[in-house]
Amino acid sequence: LRPDSGTAEVLGCGVVDAERAVWSRVGHLIETPPRYGELTVAESVYSAARLQGWDRPSARVATAAIITDLELDHWQHRATRTLSLGNRQRLGLAMALVHRPDVLVLDEPSNSLDPLGVVRVRELLRMRASDDGVSVLVSSQHLDEVARMADRIVLLHHGQILGGLDPHGVDVERQFFQRL
């Protein structure tokens, strides 16, 4: 899509003109996790790594690691069409993370996850941000959950920045309603 006005950059490049080398450093999960129902979880994650240009041995190692990180080991040999919605979400996150991107863009990353899965994803994203320097952009309606993992919360409405919220403050939802 081309913007009506304004500019946006990713990794120092305008998003409209960014080339493959830039986009290969971005992981994303937007709305529905991508999947081919006939592939297994491991095959899907491996394919995502290969599509990002990783060689076969590196893709195998990265696939095994992210499957373990997201606790998908039990399901790695199952066809993706048989997964619950929560495990499809974990699969989508694995596919977004497998190539160790510098930037992650995630829409409702904890959607449909069980409570332990929510905590695991939150820990993994915070770890990637703090240890690996990954920039993580999360779009979510769940302000309390965002506050548990964010360093900064920016409010957008119809493409306009309304301001920010203190993720370490008390009652983030109340802060939100006071800003509207």
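As the structure is a computational prediction, the values presented were derived from the model and not from experiment.
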- request: Might you work through the side chain to side chain contact (heavy atoms under 4.5 Å, CB included) test for E145 and R122, ending with a clear yes or no?
  value: CA-CA 9 Å; E145 178 57 31; R122 184 187 318 142; 2.9 Å; yes
field: Stepwise side chain to side chain contact (heavy atoms under 4.5 Å, CB included) check, L165 with V146
entry: CA-CA 11 Å; L165 300 176; V146 170; over 6 Å; no
- request: Decide side chain to side chain contact (heavy atoms under 4.5 Å, CB included) for V105 and I30; before the verdict, give the C-alpha distance in whole Å, the side-chain angles of both, and the deciding distance to 0.1 Å.
  value: CA-CA 8 Å; V105 179; I30 308 298; 4.0 Å; yes
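Using a distance-only test at 3.5 Å, with no hydrogens or angles considered, a donor-acceptor pair links the side chain of E108 to the main chain of Q141. For T82 (side chain) and A79 (main-chain N/O), a donor-acceptor pair under 3.5 Å exists by modelled atom type. No donor-acceptor distance shorter than 3.5 angstrom exists from the side chain of S110 to the backbone of L113, with no hydrogens or angles considered. Using modelled atom types, no side-chain atom of R25 and backbone atom of D102 make a donor-acceptor pair closer than 3.5 Å. Judged by distance alone, the side chain of Q89 and the main-chain N or O of P109 form a donor-acceptor pair under 3.5 Å. Side-chain N or O atoms of H99 include one that pairs as donor or acceptor with a backbone N or O of V26 at under 3.5 Å. With hydrogens and angles ignored, the 3.5 Å screen pairs no side-chain donor or acceptor of D132 with any backbone N or O of V134.
Shortest non-hydrogen contact noted between F176 and L143 is CB-CD1, 3.4 Å. Contact between V136 and V138 at its shortest, heavy atoms only, is CG1-CG2, 3.7 Å. Contact record, S44 with T80: OG-CG2, 3.4 Å, taken as the closest heavy-atom pair. In terms of heavy-atom proximity, G27 sits nearest to P101 at N-CB, 3.4 Å. Closest approach of A59 and A49 over heavy atoms only: CB-CB, 3.7 Å.
Remark: L116 CG is loosely packed, at most 12 non-hydrogen atoms of other residues, nucleotides or ligands lying under 6.0 Å away.
In terms of hydrophobic clustering, with Ile, Leu, Val, Met, Phe, Trp and Tyr side chains grouped at heavy-atom distances under 4.5 Å, V154 and V10 are assigned to different clusters. When hydrophobic clusters are built by joining Ile, Leu, Val, Met, Phe, Trp and Tyr residues whose side-chain heavy atoms come closer than 4.5 Å, directly or via intermediates, W54 is not grouped with V22. Hydrophobic cluster membership differs between V98 and L39, with clusters built from Ile, Leu, Val, Met, Phe, Trp and Tyr side chains linked at under 4.5 angstrom. Side-chain heavy atoms closer than 4.5 Å link hydrophobic residues (I, L, V, M, F, W, Y) into clusters, and following such links, possibly through other members, connects V118 to M127.
To the nearest 0.5 Å, the span separating CD1 on I161 from CG on L155 amounts to 10.0 Å. Note that CG of L85 is 12.0 Å distant from CZ of R90, once rounded to the nearest 0.5 Å. Annotation: the span from M95 atom CE to L70 atom CG amounts to 12.5 Å, rounded to 0.5 Å. To the nearest 0.5 Å, atom OH of residue Y46 and atom OG1 of residue T40 are 12.0 Å apart. Once rounded to the nearest 0.5 Å, the distance linking OG1 of T63 with CG of L72 reads 11.5 Å. If you take CZ on R50 and CZ on R56, they are separated by 4.5 Å, rounding to the nearest 0.5 Å.
Side-chain atoms of D69 and R128, non-hydrogen and from C-beta on, do get closer than 4.5 Å to each other. Counting heavy atoms from C-beta on, the side chains of V15 and W23 come closer than 4.5 Å. Taking 4.5 Å as the limit, some side-chain heavy atom of L125 sits within range of a side-chain heavy atom of V121.
Using a 4.0 Å cut-off between a side-chain N of Lys or Arg and a carboxylate O of Asp or Glu, R120 and E123 qualify as a salt bridge.
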